[in-house]
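Everything below concerns the one structure shown next.
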Protein chains: 2
Amino acid sequence: MAIKDRKERDKLDRRKLIIESATKLFLEQGYEKTSIRNIADDIEYSPATIYLYFKEKDEIFYLIHEQGFDLLNKEFTNHNQIKDPYERLAELGKIYLNFALTNPDYYDLMFIMRAPLSEIKCHSKWEAGDNSFQYLLNTVTECLDQKLIVDGDPLIVSMSIWSYVHGLISLFIRERLQSVNIEGEQNPNLLIQSLEYFLKTLKV
Amino acid sequence: MAIKDRKERDKLDRRKLIIESATKLFLEQGYEKTSIRNIADDIEYSPATIYLYFKEKDEIFYLIHEQGFDLLNKEFTNHNQIKDPYERLAELGKIYLNFALTNPDYYDLMFIMRAPLSEIKCHSKWEAGDNSFQYLLNTVTECLDQKLIVDGDPLIVSMSIWSYVHGLISLFIRERLQSVNIEGEQNPNLLIQSLEYFLKTLKV
DNA sequence: CAAATATAATAAACACTGTTCAGTAAATGC
DNA sequence: GCATTTACTGAACAGTGTTTATTATATTTG
């Protein structure tokens, strides 16, 4: 029976190999330019082999998509807990913004791209995403309870904050901020300044 | 010389035919699913013919992209001028949101998609986009002058407002709001409620 | 009018893409 | 040793954007 076990391990190893290669290529050249044949070439298997381990291209990229959420959630958990919920909220925003600027490809896959959600979204319920949102929702609720920010429904407020930061990031990543380009001003700085303005308006 | 004129007119007509077919197909099935061969089939010409009138697929979709901006700018100009700049700002936000919800494919092409900007963005300066942003900037400046909204740099404030609404819309269009789904609540209503909350926080 | 030229359109090909399937070769079970 | 299962792959399918050599037509010139 040991042989069967080893075989199963081997199979998982090859699955892992595909994911690792796909991740590497994805971070090097993005989703669209990473083809099944690219991955096959990289791991020195035939393209058809990949389909023995994954149903479709999107299934691989859904896993990378989840890796991204693990990374983001780790950043959220790793940061030392700030007592004041408003300060914590501000910090969350900055962590989120920083994550996006440091990992634009992950961010794109997680929050902008259409592809790897097509079918999977239904059965998976997008658990990882829910976790991140829960972090935000909890902090917002605390802020509202302590009357630190403008009153409103916690869900609406959380959605607003998320939308705001996402808006900044996605306009930046997809290069729509050309028109808003102050002479000599670096774009990432503009994003940080905007976030600070938003946090100010939020404060009660 | 009249013959030459007619020929030139014919050429423009065929160019127009391609754009119209492309627009039709694009609005029916989106960018990715509208192929050059689709368009060729529709207008009953060979695919190669299209390349006599356009350098590449993106060039066609850049024109559709501009059509979208014309549409949006028209909506901005058509609305009866409200005297109070804060009210006008609120109205602008609603018009923008409404435009996106009514024309999600145009919106995607204009503000989310990566494709049709690849090279063109440099030489065209994205004039249409600048126009829309100018509308916003002017109103924001008035609001700031009359101290109706939280003080800040007009550009930062304008960018903030745009980012906010864009964030809402793009999360909605690219289906990332599943986690924020109140039982029985329609998503578009959530967007409107959020915008109202944001406008409230903005008010001084 | 006929020959030469310019114009417009295309069939076919190139280099890709995701995906499927029939066939092969090796390891395992009996 | 033979049958069966397992793992893999070459080749193909149907599509994509794009280019090029060729053909058919229309216009201009001798």
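Letters go in sequence order (proteins before strands), and every chain restarts at 1.
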Query raised in the report: How long is the span from the CD1 atom in A:Ile50 to the CZ atom in A:Arg14, to the nearest 0.5 Å?
Result: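 Atom-to-atom, A:Ile50:CD1 and A:Arg14:CZ are 13.0 Å apart.
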Specify the separation, in whole Å, of atom [atom1] of [X] and atom [atom2] of [N].
{"X": "B:Ile39", "N": "D:dT18", "atom1": "CD1", "atom2": "P", "answer": "11 Å"}
{"X": "A:Tyr31", "N": "C:dT17", "atom1": "OH", "atom2": "C1'", "answer": "11 Å"}
{"X": "B:Glu59", "N": "D:dG17", "atom1": "CD", "atom2": "P", "answer": "15 Å"}
{"X": "B:Asn38", "N": "D:dG17", "atom1": "CG", "atom2": "C1'", "answer": "12 Å"}
{"X": "B:Gln29", "N": "D:dG15", "atom1": "CD", "atom2": "C1'", "answer": "14 Å"}
{"X": "B:Ile43", "N": "C:dT10", "atom1": "CD1", "atom2": "C1'", "answer": "13 Å"}
{"X": "B:Arg15", "N": "C:dA9", "atom1": "CZ", "atom2": "P", "answer": "14 Å"}
{"X": "B:Ile36", "N": "C:dA12", "atom1": "CD1", "atom2": "P", "answer": "20 Å"}

Query raised in the report: How about B:His65 and B:Phe69: are their ring centroids closer than 6.0 Å?
Result: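 Distance test on ring centres: under 6.0 Å, yes.
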Query raised in the report: Nearest to the side chain of A:Tyr51 - D:dT19, C:dT17, C:dT20?
Result: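 So the nucleotide nearest the side chain must be C:dT20.
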Report task. Indicate for each nucleotide in nucleotides 7-13 of chain D, in 5' to 3' sequence, whether protein heavy atoms under 4.0 Å reach the base (B), only the sugar-phosphate (S), or nothing (-). Result -> SBBB-B-
Report task. Identify whether NZ of Lys or CZ of Arg in B:Lys57 sits under 6.0 Å from the centre of the six-membered ring of B:Tyr31 and within 45° of that ring's axis. Result ->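 Judged by the rule (NZ or CZ under 6.0 Å from the ring centre, within 45° of its axis), B:Lys57 counts as positioned above B:Tyr31.
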Query raised in the report: Can A:Arg114 and B:Glu32 be counted as an ion pair, charged N to O under 4.0 angstrom?
Result: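 No, no charged N to carboxylate O under 4.0 Å.
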Query - Note: A:Asp151-B:Lys200 ion pair, threshold 4.0 Å (strictly below) - result: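 No salt bridge links A:Asp151 with B:Lys200.
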Donor-acceptor pairs are to be reported for all side-chain atoms of residues 94-102 of chain B against protein atoms at under 3.5 Å, with residues two or more places apart or in another chain.
residue	atom	partner	partner atom	Å
B:Tyr96	OH	B:Tyr107	OH	2.8
B:Tyr96	OH	B:Trp162	NE1	2.9
B:Thr102	OG1	B:Asn98	O	2.3

